[in-house]
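Heads up, the thing below is written out as structure tokens.
Since the model is a prediction, treat every value here as computed from it, not as a measurement. Basis for what follows: all heavy atoms, side chains included, without hydrogens, waters or symmetry-related copies.
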Amino acid sequence: MSYSKEDILNMAKEENVRFVRLQFTDLLGTIKNVEIPVSQLKKAVDNKMMFDGSSIEGYVRIEESDMYLYPDLDTWVIFPWVAEDRIARLICDIYMPDGTPFAGDPRGILKRNLKEAEEMGFTSMMVGPEPEFFLFKTDEKGNPTTELNDQGGYFDLSPMDLGENCRREIVLTLEEMGFEVEASHHEVAPGQHEIDFKYEDAIKAADQIQTFKLVVKTIAREHGLHATFMPKPLFGVNGSGMHCHQSLFINDENAFYDESDELGLSKTARHYMAGVLKHARAFAAITNPTVNSYKRLVPGYEAPCYVAWSGSNRSPMIRIPASRGLSTRVEVRNPDPAANPYLALSVMLKAGLDGIKNETKLPAPIDRNIYVMSEEERIEEGIPSLPSNLKEALNELIRSEVITSALGDHALAYFYELKEIEWDMFRTQVHQWERDQYMTLY
């Protein structure tokens, strides 16, 4: 829905809203907010609310800290889980005091890359995300444990799926907040769940991913559970992915569809996929941004480790779902839910656009199970692997002019620095596995 300033002020009054959260996202994908009393709402919708940007990860230095929150009025929603002293939220873009967009705002970065697509004739990028999550029990203090709340498997029902009631309430809450939920089910691993919502334009899809995470964590806590979007919380079971279905549109027409093609894919779709495959190793640091992300990207757990595509096979990185016409799309399967959705969509879009610009040739599809192929067979077929750890991914990122330009100098510098620190902390830490392996052996 589209709202005016007057609409929002009137709804706040009619619904007895007492506080408004002005939300935005830091460079690492964490939701931040400035909460204001409703008496300050008019000031907020007039773009006059300031905050200290030097306190936010990847934003600015202390000597240039004043920044402005520009609410996107169409993101107005009232949180349904607060009955009294109601709380609403608006998602904001970040601007500098001189009225220019802040170069390190992830939402602004996605808008900039979408502008490039628009200049190439594509009016919208449509995205259908599939973020997965785990539910763990909490202890008497409310802290998360490593004890799962069920031992269910793919599509299981209660009593095996004890997260069913929690998941159902998440769905109802999302629908009350304007989501069109298409399906919800138990995933492959015990305690793992997926809720799919209808595709939207890229900005709204990224906003919805952030809202989805907030809702899932909030409702899980009300059920005495802890929800985590950590990519691989447990050894020996599947990790959590965030497959991103995506397509480009020209007005109301899907630019990825061509009924005359044997697979129903246009030249645009093929070049787009070729660009995504070409730059996959470079954008992995953004779509798979944590040390833990690379514990998921290993053979044997349904996560894509190899840079290839197929019309049906689920072992490559890109799959083409069966629907055609307006629903023709590519499913990029390597992203995980720890990714900043604005940055992840930015780099995938930039990679695809580069493929279209340069008419990059799409390699032949791989319709075999890549997991059972030997290394020699993969080399013979020309199938590269995704990076095996965060450091390798960062090295690939910094070498790519295309992907670094998607982020811009500011975001790249801060992101790279933060992730180098993360890798170094992991590299120098002594882990329990090492003690278990070596303490008595040596």
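D354 contributes no side-chain N or O that, together with a main-chain N or O of A351, makes up a donor-acceptor pair within less than 3.5 Å. Put simply, the side chain of R89 gets close to the backbone of T75: a donor and an acceptor are under 3.5 Å apart. Side-chain N or O atoms of Y294 include one that pairs as donor or acceptor with a backbone N or O of N288 at under 3.5 Å. Checked by atom type and distance alone, the side chain of E331 never pairs as donor or acceptor with a backbone atom of R319 at under 3.5 Å. At distances below 3.5 Å, at least one donor-acceptor pair connects side-chain atoms of N340 with backbone N or O atoms of L27. Side-chain N or O atoms of R324 include one that pairs as donor or acceptor with a backbone N or O of P321 at under 3.5 Å. No side-chain donor-acceptor contact under 3.5 Å links D66 to the backbone of F51. Of the possible polar contacts, none joining the R333 side chain to the A303 backbone as a donor-acceptor pair under 3.5 Å is found. Between the side chain of N33 and the main chain of Q23, no donor-acceptor pair closer than 3.5 Å is present. Proximity of a side-chain donor or acceptor of K217 to a complementary backbone N or O of A227 within less than 3.5 Å is detected.
Aromatic ring pairs are classed by plane angle as parallel below 30°, tilted from 30° to 60° and perpendicular above 60°; the pair F133 and F212 is perpendicular. Ring geometry for H431 versus F426: interplanar angle of 30 to 60°, hence tilted.
Smallest separation of non-hydrogen atoms from I109 and A406: CG2-O, 3.3 Å. Across every non-hydrogen atom of P106 and D26, the tightest pair is CG-O, 3.6 Å. In this structure, I31 and Q210 approach most closely via the heavy-atom pair CD1-O, 3.1 Å. Looking at every heavy atom in both residues, P289 comes nearest to D336 through CD-OD1, 3.8 Å. Closest approach of L110 to S346, counting heavy atoms only: CA-OG, 3.1 Å. Residues F415 and L394 come closest through the heavy atom pair CE2-CD2, 4.4 Å.
Expressed to the nearest 0.5 Å, how far CD of E147 lies from CZ of F136 amounts to 10.5 Å. Atom CG of D93 sits about 3.5 Å away from atom NZ of K111, to the nearest 0.5 Å. Taking CG from L214 and CD1 from I219, the interatomic distance works out to 9.5 Å, rounded to the nearest 0.5 Å. Atom CD of Q192 sits about 5.0 Å away from atom CD of E132, to the nearest 0.5 Å. Atoms NZ and CG, on K232 and N292 in that order, are 9.0 Å from each other to the nearest 0.5 Å. Taking NZ from K391 and CD from E396, the interatomic distance works out to 12.0 Å, rounded to the nearest 0.5 Å.
Within a 6.0 Å sphere centred on CG of N143, other residues, nucleotides and ligands contribute more than 12 heavy atoms. Within 6.0 Å of CG in D46 there are more than 12 heavy atoms belonging to other residues, nucleotides or ligands. No more than 12 heavy atoms of other residues, nucleotides or ligands shown are found within 6.0 angstrom of OH on Y68.
Between D207 and R107 a salt bridge is recorded (basic side-chain N to carboxylate O distance below 4.0 Å). Salt bridge annotation for D424-R427: present, with a cationic side-chain nitrogen under 4.0 angstrom from a carboxylate oxygen. Using a cut-off of 4.0 Å between Lys/Arg side-chain N and Asp/Glu carboxylate O, E35 and R21 are scored as salt-bridged.
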- Test log, rule side chain to side chain contact (heavy atoms under 4.5 Å, CB included), inputs Y95 and N47: CA-CA 9 Å; Y95 278 71; N47 302 332; over 6 Å; no
- Evaluate the side chain to side chain contact (heavy atoms under 4.5 Å, CB included) criterion for residues W81 and T173: first the C-alpha distance (whole Å), next the side-chain angles of each, then the deciding distance (0.1 Å), finally the verdict. CA-CA 8 Å; W81 56 80; T173 303; 3.8 Å; yes
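Scored by the side-chain hydrogen bond (donor to acceptor under 3.5 Å, both in side chains) test, Q208 finds no partners at all (sequence neighbours excluded). With sequence neighbours left out, the side-chain contact (heavy atoms from CB on, under 4.5 Å) criterion links S400 to H279, A282, V402, I403. Annotation: side-chain contact (heavy atoms from CB on, under 4.5 Å) contacts of E422 (sequence neighbours excluded): T290, V291, L390, K419. Every residue two or more places apart in sequence or in another chain was checked for a ring pair (Phe, Tyr, Trp, His ring centres under 6.0 Å) with Y416, and none qualifies. In terms of the side-chain hydrogen bond (donor to acceptor under 3.5 Å, both in side chains) criterion, residue partners of K350 (sequence neighbours excluded) are, by chain and number, E116.
A side-chain N or O of Y272 and one of Q246 form a donor-acceptor pair less than 3.5 Å apart. In this structure, a donor-acceptor pair under 3.5 Å is present between the side chains of T287 and N334.
The only option from I170, D196, V171 that meets the side-chain contact (heavy atoms from CB on, under 4.5 Å) definition with V181 turns out to be V171.
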Show me the donor-acceptor pairs within less than 3.5 Å that the side chains of residues 10-19 make with the rest of the protein, sequence neighbours left out.
residue: N10; atom: ND2; partner: E6; partner atom: O; Å: 3.1
residue: E15; atom: OE1; partner: R86; partner atom: NH1; Å: 3.1
residue: R18; atom: NH1; partner: D85; partner atom: OD1; Å: 3.0

